[in-house]
Amino acid sequence: MLTKAPRGTRDLLPEECPKWVFMEKVFREICGQFGYREIRTPTFEHTELFQRGIGEATDIVEKEMYTFLDKSGRSITLKPEGTAPVARTYIEQKLYNKPLPVKLFYITPCFRYERPQAGRQREFHQFGIEAFGSPSPLIDVEVITLAVFFLKRLGLDSLEVRINSIGCKRCREDYKQALKDFLFEKKGSLCNTCKLRLDKNPLRILDCKDPCCQKLLKDAPVILEYLCNDCRGHFDEVKKGLSAVDVKYSVDPGIVRGLDYYTKTVFEIISEDLGAQSTVCGGGRYDHLVEECGGPPTPAAGFGIGVERLVMILEANGLLDIPPIQMDVFVAVLDESYRDYGLQLLYRLRRAGFSAETDYMGRSLKAQMKYADKIPSKYAFIIGEDEVKTGIITVKDLATGEQEKVPSDKIETYLKNKIRKGC
RNA sequence: GUGGAUAUAGUUCAGGUGGCUAGAACGCCAGAUUGUGGCUCUGGAGGCCGUGGGUUCAAGUCCCACUAUCCACCCCA
């Protein structure tokens, strides 16, 4: 236990971190282009926020939250998703007094107590955006498009975008009733979990993977036919907008997000490279969350992208082959008597902005060269008797094996020229 | 929460029906005469064989429990 990371958590080693930095950089760039600004919220919140925001009856709140009492008895929960905390900030910091819409993005860890499997851990990370204040379907379009552009810029161009509308409170109630009525007589053929869902949350039956349930649903009423005029018009505008900006999508009436706050537009971006989990990005509109949490009535929309899942997809497609970080120079000294000279050179290089390393293991020159090759380094500077005496450094290009003599005082310009050429 | 598979060096894996002083490859370290890497050769370090019980003269090998990992269900990113 002492030397084991907790179940469902992972270490990111130095070879992996550059991949994350790369994805984060691209995400920040895209968000910037779309006018979204970064926000960072606490890792934990008061438990009530999630109970109220996500919904008491959801799986997340019922059984997946990392909840504990702090030393003064407050109930605290590690954030299981990114939207509710940002909505809380929006209210608490009165961001509704800023020019609307308020467009925010975040990169955050999330925590859910679940059994780990492919594409699912207990601590995972999300790239997310939220746009507050506008009911316009063009915001829905922007949110979906930002996700698509982001994934495209990473090199993924064939992911599938699926959209649906689950309507507002009113049309959803009508639809729920219709679905219940339809399924009631066929109740016997439903799988066991769906029998329970019939009363509790009939919408959830729609994305059941059980083949029997799927068969029954073939002739089931479709929510899109139960949308009120407002919701129908909104959905039409979203579809029109997506076509206008050339985002390919399909309408999938089976999409029902598992969080209670969604209204109208919901969407998923899915990939085949994720094992049983296929969703890499999920989101939609949530017009009542802010009000529900005590803020002014505020329509909003957003998405979350699973970073670990994104890594899986990118790696499956060979899109995360980031070259290892190279040192510019390794300063090798023949033996301890040249150590001081080597150190001075080392720090001169570092001060000048180069990345430079030296030996701390008391290795022989040969072993130092070997090490320089492995870390890896572009050049090795060799310091011995001749160099110290003449002030002319032996510089070896470790890629080509070529060796030159460079006067010590010209070293910086020499390196600058070489490295700028892309060596 | 449920089900299946797995658990041996840093890593990937060998170790039929119990008898090992537990192996290989890669990696790591050190050498192959005199100031130099990548290839090659030689040598070395490194394993409470997941943890705890049990069966047995004898257990890495059989049995049980626990834990962890992987996969799937549920659900989601």
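Below, read A as the first sequence line, B as the second, and so on, with proteins coming before strands; counting in each chain starts at 1. No experiment lies behind these values; they were computed from the predicted model shown.
For B:C70, neither phosphate oxygen OP1 nor OP2 lies less than 4.0 angstrom from any side-chain nitrogen or oxygen of A:Arg120. Listed pair A:Lys4 / B:A68 fails the phosphate criterion, with no side-chain N or O lying under 4.0 Å from OP1 or OP2. OP1 or OP2 of B:C29 has not a single side-chain nitrogen or oxygen of A:Lys370 nearer than 4.0 Å.
For A:Lys396 and B:G37, a side-chain-to-base donor-acceptor distance below 3.5 Å is present, hydrogens and geometry of angles not being considered. At a cut-off of 3.5 angstrom, counting only N and O atoms as typed in the model, there is no donor on one side facing an acceptor on the other between the side-chain of A:Lys366 and the base of B:U36.
In this structure, the side chain of A:Ser134 engages the main chain of A:Ser136 through a donor-acceptor pair within 3.5 Å.
Here, B:A45 and B:C26 have their C1' atoms 16 Å apart, quoted to the whole Å. Taking atom C1' on both nucleotides, B:G23 is separated from B:G15 by 7 Å, rounded to a whole Å. Rounded to whole Å, the separation between the P atoms of B:G54 and B:C13 comes to 32 Å. One P atom belongs to B:A9, the other to B:G50, and the distance between them is 8 Å to the nearest Å.
To the nearest angstrom, C1' of B:C74 lies 9 Å from CD of A:Glu64. The nearest whole Å value for the distance from the CG atom in A:Asp373 to the C1' atom in B:U36 is 11 Å. Counting to the nearest Å, the P atom of B:G35 and the CZ atom of A:Phe381 are 21 Å from each other. A straight line from CD of A:Glu268 to P of B:A77 spans 8 Å, rounded to a whole angstrom. In this structure, A:Gln117 places its CD atom 13 Å from C1' of B:G4, rounding to the nearest Å. Rounding to whole angstrom units, CD1 of residue A:Ile392 and C1' of B:G35 are separated by 17 Å. When the P atom of B:C74 is taken as reference, atom NZ of A:Lys63 falls 10 Å away, rounded to whole Å. Taking atom CD1 of A:Ile60 as the reference point, atom P of B:G1 lies 18 Å away to the nearest angstrom.
Counting any heavy atom pair closer than 4.0 Å across all strands shown, A:Gln403 reaches a base atom. Counting any heavy atom pair closer than 4.0 Å across all strands shown, A:Gly401 reaches a base atom.
Annotation: cation-pi geometry satisfied between A:Arg363 and A:Tyr371 (NZ/CZ under 6.0 angstrom from ring centroid, within 45° of ring axis).
Residues A:Phe149 and A:Phe34 bring their aromatic ring centres within 6.0 Å. In summary, the aromatic rings of A:Phe105 and A:Phe27 are positioned with their centroids under 6.0 Å apart.
For A:Glu402 and A:Gly119, each mapped to the nucleotide of RNA chain B holding its nearest heavy atom, the one lying further toward the 5' end belongs to A:Glu402. Both A:Gly304 and A:Arg7 lie close to RNA chain B; mapped to their nearest nucleotides by heavy-atom distance, the more 5′-ward contact belongs to A:Arg7.
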